[in-house]
Asks: 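Okay, handing you the structure first.
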Amino acid sequence: MIDKHDRATAQADSAASTATSSASGDAHESFLRDFDTMGGFGATGHGGVDRQAASEADNEQRRWFQGLLEGRGFTVEYDRIGNQFGLLELVPGAPYVLIGSHMDSQPTAGKYDGAYGVLAAAHAAFRIADEASAGGASAGVAEGAKYNVAVVNWFNEEGSRFVPSMMGSSVYTGVLPLEDALAVRDKAGISVEEALRPTGFLGEGAGPVAALCAEIHIEQGRLLENAGTTIGLVTATWAASKYRVVVRGEQAHSGATVMEDRKDALYGASLLVVFARELTDRFPGKLHTAVGQLDVYPNSPVVVASEVTLLLDLRCDDEALLAEANALLDARFAEIEAKADVEIERTLSHSWDINPYQPAGVDLARSVAEELGLSNDEIMTVAGHDSTNMKELVPTVMLFVPSVDGISHNEGEYTEPGDLVAGLDVLTGVVRHLIRGNLS
Ligand code: HGY
Ligand code: MN
Ligand code: MN
């Protein structure tokens with residue numbers, strides 16, 4: 001639990017908060033300048049970004065980020081799945097507090113998702129480094145520290161080019177075997193390994209040893225905005241079931257073939273897409289579903305489709321309800337096979353349970369937000385994050401800042417600058433506690 005009365009913490013906090021309050025203007029300006037620079041990597045024409053994992057835009061932003069970290073004296077290394085780490089050593093030989101998120105994006109998406117958390121982690125670490133090297137009372141940071149700091153940019157969190165999502169942190173935490181991840185191919189047939197090999201971002205090792213973790217991210221919903229709350233204290237992740245579904249029929253002439261002879265895979269897939277969407281009406285506010293990717297073969301205007309592959313995504317804030325929704329899906333699959341005279345094959349490609357974040361971490365984050373006078377409240381995350389994996393390995397703190405209108409995975413994604421820097425201040429305060437082991 002938090003050791004609020006830890007002397008070194010108290011000393012460092014008072015000195016640091018003095019430092020922060022006087023330097024906060026500069027620190028905030030410096031962060032916002034860097035964030036503006038980041039928005040240029042893979043910039044689209046409408047305020048968004050397209051920098052999918054291991055794309056040239058992603059590689060470019062990673063090179064920039066390496067320079068930013070090295071410019072502040074951090075050591076940059078890459079692990080065997082391309083996760084990027086900026087290391088700040090406070091206690092030689094000690095494990096690390098991992099703080100970060102992901103810089104890769106969905107196609108034509110927002111520039112805040114993931115990238116904000118990576119840069120906020122870097123700037124929080126910069127402040128910790130300055131406080132540690134400043135000497136005097138604030139040297140308490142180094143003196144009181146039990147752990148080092150590693151800023152992390154996880155590889156391929158989005159899972160758009162290479163499925164599944166959260167790939168880099170899944171390999172780091174052992175959820176996904178390395179060789180399986182390296183072998184995943186994109187639609188052009190390029191594997192993760194082939195994409196990473198020429199970039200110089202494919203390391204050998206397993207990355208720094210983690211003792212604790214923290215991530216800050218945009219909410220991607222509108223609960224914080226609706227409530228007028230600045231900081232989200234994330235307590236758990238909605239459960240997820242993601243399926244790869246193949247609907248098989250037979251090619252036929254779209255005109256000449258009589259209707260009763262058809263085995264139309266696209267008709268079967270369409271019935272499934274509509275059912276998945278309307279299934280949410282039975283669990284209002286509890287179940288979210290979508291089919292975001294659908295590939296038709298042969299996808300020709302005069303041919304009845306013989307095969308459709310789609311990726312179906314279900315999220316639910318209650319594991320029993322999710323099981324009920326999955327059972328209803330199974331029943332509907334059988335009906336669709338009969339109705340469209342097709343065969344349906346479903347593979348669970350990625351899933352996670354609700355498993356909460358450590359409550360002591362929520363309490364720690366709350367105490368920091370309160371000290372800073374920032375409104376805060378507990379919230380569940382509907383989206384998965386790299387911290388979804390990390391909380392299963394080490395105690396993890398997950399923080400949110402508001403998304404305007406809940407828009408995300410969309411070029412219109414936006415978070416107010418004041419909220420961005422408020423989140424940075426909370427993350428910095430949380431990290432000051434974590435490096436002292438005030439969360440176990
Ligand atoms: O929620 C997701 O699946 C994504 O990885 N953020
Ligand atoms: Mn994200
Ligand atoms: Mn995302």
Side-chain angles (χ1 to χ4, degrees), residues 35 38 42 48-53 55 58 61 81 83 99-121 152-173 175-176 181 184 213-221 232 234 236-244 287-293 311-317 322 348-355 379-392 396 398-403 406-415 420 423 427:
F35 189 71
M38 277 181 96
V49 294
D50 187 344
R51 46 198 190 197
Q52 298 179 67
S55 62
D58 188 33
Q61 68 177 348
I81 188 60
N83 294 316
I99 54 175
S101 189
H102 63 93
M103 292 168 80
D104 68 301
S105 80
Q106 291 288 341
T108 56
K111 63 186 177 184
Y112 297 82
D113 176 359
Y116 163 62
V118 175
L119 191 66
V152 55
N153 165 28
W154 295 109
F155 173 72
N156 186 35
E157 190 282 341
E158 291 291 2
S160 56
R161 178 182 176 190
F162 299 109
V163 177
S165 63
M166 298 138 81
M167 181 182 277
S169 57
S170 294
V171 170
Y172 179 88
T173 55
V175 168
L176 178 65
V184 169
C213 178
E215 177 172 3
I216 193 164
H217 201 283
I218 55 171
E219 179 198 336
Q220 301 176 293
V234 182
T237 309
W238 277 33
S241 301
K242 299 185 182 182
Y243 295 100
R244 182 175 184 277
L287 176 72
H288 293 181
T289 65
V291 173
Q293 183 175 310
L311 298 185
L312 167 59
D313 186 346
L314 288 87
R315 308 293 172 103
C316 192
D317 70 352
L322 184 57
L348 185 65
S349 58
H350 197 188
S351 67
W352 55 82
D353 295 333
I354 283 182
N355 301 348
I379 188 172
M380 284 182 82
T381 175
V382 185
H385 304 282
D386 295 302
S387 65
T388 304
N389 284 324
M390 285 303 292
K391 65 176 161 61
E392 304 307 311
T396 296
M398 183 68 188
L399 300 164
F400 271 168
V401 289
S403 293
I407 294 170
S408 188
H409 286 191
N410 177 305
E411 293 170 287
E413 190 177 85
Y414 182 70
T415 294
L420 296 176
L427 179 67

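Ligands are counted one by one from 1 in listed order, and the atoms in each one are counted from 1 as well.
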Asks: For ligand 1, which atoms have a heavy atom of W352 less than 4.0 angstrom away?
Replies: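 Listed by number with element: 3 (O).
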
Asks: With rounding to 10 degrees, what does the angle H217:NE2 / the Mn ion (ligand 2) / H102:NE2 come to?
Replies: 110°

Asks: With atoms numbered from 1 as shown, which atoms in ligand 1 lie under 4.0 angstrom from a non-hydrogen atom of E157?
Replies: 4 (C), 5 (O), 6 (N)

Asks: Quick check on H350 - does any of its heavy atoms sit under 4.0 Å from an atom of ligand 1?
Replies: no

Asks: Between CG of D353 and OG of S241, what distance do you get to the nearest 0.5 Å?
Replies: 8.5 Å

Asks: Considering only heavy atoms of M166, which atoms of ligand 1 have at least one such atom less than 4.0 Å away?
Replies: 5 (O)

Asks: Walk me through whether Y172 and N389 qualify under side-chain contact (heavy atoms from CB on, under 4.5 Å).
Replies: CA-CA 9 Å; Y172 179 88; N389 284 324; over 6 Å; no

Asks: With nothing but distance in play, are any N or O atoms of G384 less than 3.5 Å from an N or O of ligand 1?
Replies: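 There is such a contact, yes.
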
Asks: Heavy atoms only: which of R315, H102, H409 lies closest to atom 2 (C) of ligand 1?
Replies: R315

Asks: Would you say E411 and T108 are linked by a side-chain donor-acceptor pair, where the criterion is simply a distance under 3.5 Å?
Replies: no

Asks: For the pair Q220 and S403, evaluate side chain to side chain donor-acceptor pair (under 3.5 Å) and give the outcome as yes or no after the intermediate values.
Replies: CA-CA 6 Å; Q220 301 176 293; S403 293; over 6 Å; no

Asks: Any chance you could measure D58, atom CG, to H102, atom NE2, to the nearest 0.5 Å?
Replies: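 Answer for the CG-NE2 pair, D58 versus H102, is 11.0 Å.
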
Asks: I'd like to check T415 versus Y116 (side-chain heavy atoms, cut-off strictly below 4.5 Å). Are they in contact?
Replies: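 Not touching, per the 4.5 Å side-chain cut-off.
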
Asks: Take the Mn ion (ligand 3) as the vertex and measure to OD2 of D113 and OE1 of E158; round to 10°.
Replies: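 Vertex the Mn ion (ligand 3), arms to OD2 of D113 and OE1 of E158: 130°.
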
Asks: Under a 4.5 Å cut-off applied to non-hydrogen side-chain atoms, are W238 and H288 in contact?
Replies: yes

Asks: Do any N/O/S atoms of H385 come under 2.8 Å of the Mn ion (ligand 2)?
Replies: no

Asks: What class does the angle between the rings of F35 and Y112 fall in, given that below 30° is parallel, 30 to 60° is tilted and above 60° is perpendicular?
Replies: tilted

Asks: If the cut-off is 4.0 Å to any non-hydrogen atom of S165, which atoms of ligand 1 fall inside it?
Replies: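 Those qualifying, in numeric order: 3 (O), 5 (O).
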
Asks: Does ligand 1 come near enough to E158 that some N or O of the ligand is less than 3.5 Å from an N or O of the residue?
Replies: no

Asks: Which atoms of ligand 1 sit under 4.0 Å from any heavy atom of A383?
Replies: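 Near A383, meaning under 4.0 Å from one of its heavy atoms, ligand 1 has 1 (O).
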
Asks: Would you mind listing which atoms of ligand 1 come within a distance below 4.0 Å of any non-hydrogen atom of K242?
Replies: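 Once the distances to K242 are compared, the set is 2 (C), 3 (O).
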
Asks: Return the CD1 to CD distance between I99 and E215, rounded to the nearest 0.5 Å.
Replies: 11.0 Å

